[in-house]
Amino acid sequence: MGKTLRNLFNVYPEETTKALFFALLGFLASLGIICGSRLTEALFILHVGAEGLPTTYVATACVAIIITAFLVWAYHHFSAYHIFLSILLIIAASYLIALPCFFAGWGTESTAFWYVLKVMGEIYFINLLTGFWSFVDQFHHLQDAKRLYTLFASAQFLGVVVAGLLIQTALFSTTTLLMIVIAVLLISCGWTIFVARAIPPVATEDNFKENGTKESISLIKFIKTVLSSRIAVLLLSVDLVVQLLMWITEFNFMSAFEARLGTDAAFGTETAAVLTRFLGRWSSIVGVLNIIICLFVYNKLIKRFGVNNLEIITPLALILVFVSWPFCHSLFVPLLGYFIVEGLNFVIDENNFNLLLDAVPIKIKYKFRVMVDFFFEPLGMLLSGPVIALSHVYSRWVGLGLAIIGLSLAIGIRYNYIKGIFINLADNAMRFPRSVGDWWNAMNEKEQLDTQARLLSALRSDTPPAQAMAIQALVARADPTLLTKVLPIVNEAPAATKGVFIRLVDETDLTEDTSVMEMIEEWLLEDPSPALRASILFFLAKHSLLNPDRVKQELSSNNLKLRGAAILALQNFPPKQHGDDAARHRLLAEEHINALLLSLDPEEIRMGLTILRLECSPLNIDTFVPFLKHDDPFVVREAAYAVAYTIGGNIGQRRWIRYARLVAALLRSSPDKETRRHCLDALGYMSDSTSAELIILASILFRPSERRHGETIILKMGLRTVPMLIRLIKDRSLHPRVRLLAGRILGKLAPAQLQCNLRPIIVDEIEQAYFYFYHAHRIQKQHPEYDLKMLEHSLHTAFSTVIEFIIQMIGVAGSLEDGEILSAALRSTNRRIRSQALETMEKFCDGEIYPLLCPLITDLSLDDKLRAYLGGGRIPYTLSELLDILEQSPTQIDNIMAATLKRRFNFSRWKDTLRKQMTCHHEVFHRCAYELLES
Amino acid sequence: MTNFGLIDKAFALKKCPLFEELDLEMLLAITDHVGAVSYNEGEKIFHLNDEEALGYVIVEGIVEIHSLEDDRLATLSPGDFFGDEALFAACSPRYNAIATENALLLTLSRPTLKTIMSEYPTVAFKLLKQYAEATPFRHRQFEESAS
């Protein structure tokens, strides 16, 4: 019985108690508040009439907006638990205060009394709903929410049904009913305290995000964050429109009910009036319908269409109602409107809103909810007053227009929801590919000016590292107007800072600015230090601004940089010069360069390579190549730079490809990251699918920054790499990291091609993951006679690798910038973050893949996961069968594991099989195989 | 301190030996995920067995580290880093940290530090170096062989 109920309500065994606690709370709170709210509604129609409704909308809205300001402050200072508890107590207390008025009839002769009562009922209803869901949210993450919130909402609707029945039976007088309301609310208070003490809350995203410090967000920043999030703006807009629609619809159906049912009722006997009982009856009926939709329809709709698609239901239904209203003279259409306002609005829109909130930027999520509930909903109500009063008989046409606008906005949400979810995940990731220039561009004008002032102040400081960093940032700004402020400060700076300035400026277009060049040249007149003088001369020679006659004597200098400057000056000055002098200069330069290259001193070789590199002549490349194998790593680095620089300056020549394998070999073997970067650049400049493949194959050893760099390089090569990329993705013998890089690039270059090829690859990998997972957990239990720890470990690792590949590949196919964010989020210890990642996965997977993958990545129990393996028609293998399968696997580590275990347990004919395998495997396998055969 | 922006954080990190070799681009990527918290004189920065572990870089002020028995273990000044033990061990801190004058600290979470270390191995090496220098067994062995 318990199991059937759990299945019906989609509750996991370990969370049954928790679910029941919250469901009961939802029921009690809803019973209390709905009884009160429906009663005040009926009392108002009976004593004032529907024509007074627009006034109550305006009054309710004004009060709600005042409360909003208070609640925004309260949510910043108190927990959702304390706020919800306070709301319950305040409502109970105020009904208690109103009770004597009903007993004694004080003030009831005045219409103001009924207005106050109606406004109170409405305000309490909004407050309690928001308070309840904010409280519940502390204990559940998105995936919990998708399963359990419908149960809690159903419990609330059960409260609505019971409240409706209580009213409809007319068993209780108005005062008795009010006393019941107070009692139920007080019981809810006690239950809330109990639940908060019994259930631990779920950690917030804050713990994972940023730095663990809870950032206090100002109102301006809050508004800016809202405006910068498309999904937040759309949610606000749709909420405003839907609220406006709800009040217009309510006004219309209440007017229809009043006209049809009459308002005859004496004071104290309102509960027996036809209208009151009618509202009670239909409240119950709609409540039952809500429960049915909640329990049996909503979840299925969510699974089938996704939360983002359900947003369009209410606007569509309202279009239908407003279009058909003029043609229908019975109560059918008003009742349909009643069902939308009291049914769909809560069962679909409220639930949806709770789920869609996860796409709003995390740091404003709770304040956003308060803002919607207490500002935009009241604003909708506030606007509805004048709209209804002005349009009156035409209000239905206004409603139709608004419903059409609501539909358009809902379609906007449909497209932006998943982007919002992913932006939240991506916000947690560091943005490494950004250059300093990108950071400048990300700032607004005020921030830029502020940063600029701080940097200039750092530049004036006497700390060389701070000065160097300030120069780096200011030079990256690439703003010539800024130079007028920077140059005077640098001019007064110590020699080391001037040296840094020369080095950094050399890499920018600022070298074309005459004021920069003149200033650097003037430093020569100030009797600079030898190091700075060498740097200045080398810089000037490089830019053809140094007459060789000024430095000829330095050709025999002991200072290598000075010698280099002199050689460079001979080679470069004056630029594009022809004639005897120039020829003589170049010949002399060539002699000195050759001497440097033939030197045994690595420093001199590097200088020779640097000078030759600056020529950027394709004729020099054969001179550089032998140095790629030099013993000195710095010479190799300089040679790699020279190769990349030269190829980069002469792009488009087919002959470069003959160097591809050599450069790729260096890329794989060099421990120096600078050398590897130059190799990557060189392969990129070759711009050939062969070089692209070599980059991807080498990526197994890449650091994250190198992988990003490699990716950028191949992307620049364009569509001709597509066939090669598809081939690599499909090749299971390659390391998943290699296949992922290929997938990531293909996803950006040709997403349609990736989508076409992805499904069979992913399905195959999922099967593989199930295989690893099941046997990692079962094989030792099946064969207790063997020690299979090593095999277990290997299968676990293989499972993790395959899952990582699947997740990242799905992310890549879903146009995620970085699939790693998704897999990191799925591994997060924070359940909320994990739940958001699962939501993203669900959106990116097609309808058939996600159910297959789901058991492997969700928080199911181990038994359920193992059952999922067997349930899919898969069979458990014995150790012998398992090792045979691993032996045939395209993955090398599986082959090695199978061979090792077969040898350890002395399986029959293991040597023959191993020898056969050796005919077609790579070097690592061969080495392992030899060790096994010889041991 | 008011308005402690990205660039200020980058400069403050640069002064910490762990991050001194990182250039501006790298530091900016990190600072986006670094918090700034100020403490008044005498205020506890974290308590023994606090659940939430963070790493701290001192920007301004002096911080004292106290043991379980309230013995002063160390006095830290701007540029020093602490809280890393609990961060790596994923457990609560085993000592008290108290600001002995008004202090401004940068905070790093575990995922942030983990990402930094995988992107910039120099940071990991610096930390290892600090641990190696602080390990008494290594000291003893070194001193014995020297004598």
Side-chain angles (χ1 to χ4, degrees), chain A residues 203 206-215 427-440 442-443 446-448 450-458 461 463 465-476 504 673 703-708 820-821 824-825 827-830 833, chain B residues 2-17 19-39 45-46 50-57 79 83 86-87 90 105-122:
Chain A
D206 297 356
N207 296 348
F208 178 84
K209 206 185 136 40
E210 298 290 327
N211 37 60
T213 53
K214 289 186 180 168
E215 196 186 350
D427 255 4
N428 293 316
M430 290 192 191
R431 297 175 179 87
F432 289 110
R434 275 190 179 182
S435 66
V436 181
D438 292 335
W439 288 102
W440 275 112
M443 293 178 196
K446 188 176 170 294
E447 286 168 338
Q448 283 180 352
D450 187 41
T451 306
Q452 206 171 288
R454 282 161 197 252
L455 288 169
L456 290 171
S457 149
S461 74
T463 326
Q467 287 178 326
M469 233 164 78
I471 292 173
Q472 192 188 353
L474 289 164
V475 164
L504 291 170
K673 68 173 184 174
R703 287 181 189 169
S705 57
E706 289 167 345
R707 201 203 57 227
R708 287 193 294 268
E820 269 177 32
I821 293 170
R827 286 195 307 268
S828 167
T829 49
N830 184 309
I833 301 285
Chain B
T2 55
N3 201 10
F4 198 68
L6 278 189
I7 205 80
D8 302 302
K9 288 181 189 172
F11 276 100
L13 282 176
K14 184 79 177 172
K15 285 180 193 160
C16 173
F19 305 105
E20 67 186 0
E21 282 180 24
L22 302 190
D23 70 11
L24 186 62
E25 231 161 75
M26 298 168 179
L27 288 170
L28 282 173
I30 296 170
T31 49
D32 212 15
H33 287 254
V34 165
V37 205
S38 50
Y39 291 89
I45 293 159
F46 55 67
D50 261 2
E51 278 182 22
E52 197 176 33
L54 289 174
Y56 297 85
V57 176
L87 209 62
L105 310 179
L106 297 183
T107 57
L108 290 117
S109 68
R110 188 176 146 84
T112 302
L113 193 61
K114 226 170 115 182
T115 315
I116 294 169
M117 284 165 59
S118 71
E119 286 278 342
Y120 311 122
T122 51

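Naming convention: chains lettered A, B, ... in sequence-line order (proteins, then strands); numbering from 1 in each chain. Remember, predicted model here, so these are calculated numbers, not experimental data.
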- Could you give the distance from CG (B:Leu24) to CG (A:Leu504), rounded to the nearest 0.5 Å? 10.0 Å
- Message: Could you tell me if the side chain of B:Leu27 sits less than 4.5 Å from the side chain of A:Met469, heavy atoms only?
- Response: yes
- Of all residues at least two apart in sequence or in a different chain, which pass the side-chain hydrogen bond (donor to acceptor under 3.5 Å, both in side chains) check with A:Gln472? none
- List in chain and number order the residues that pass salt bridge (Lys or Arg N to Asp or Glu O under 4.0 Å) with B:Glu20, two or more places apart in sequence or in another chain; answer none if no residue qualifies. B:Lys126
- Task: Find the distance between CE (B:Met26) and OG (A:Ser705) and round it off to the nearest 0.5 Å.
- Result: 7.5 Å
- Item | chain B contact via A:Ala476 - side chain, backbone, both or neither, heavy atoms under 4.5 Å | neither
- Query: Quick one: what part of B:Leu106 sits under 4.5 Å from any heavy atom of chain A, side chain, backbone, both or neither?
  - Reply: neither
- Cut-off 4.5 Å, heavy atoms of chain A, and the answer for B:Leu28 is both
- Is there side-chain contact between B:Phe11 and A:Leu455, with heavy atoms separated by less than 4.5 Å? yes
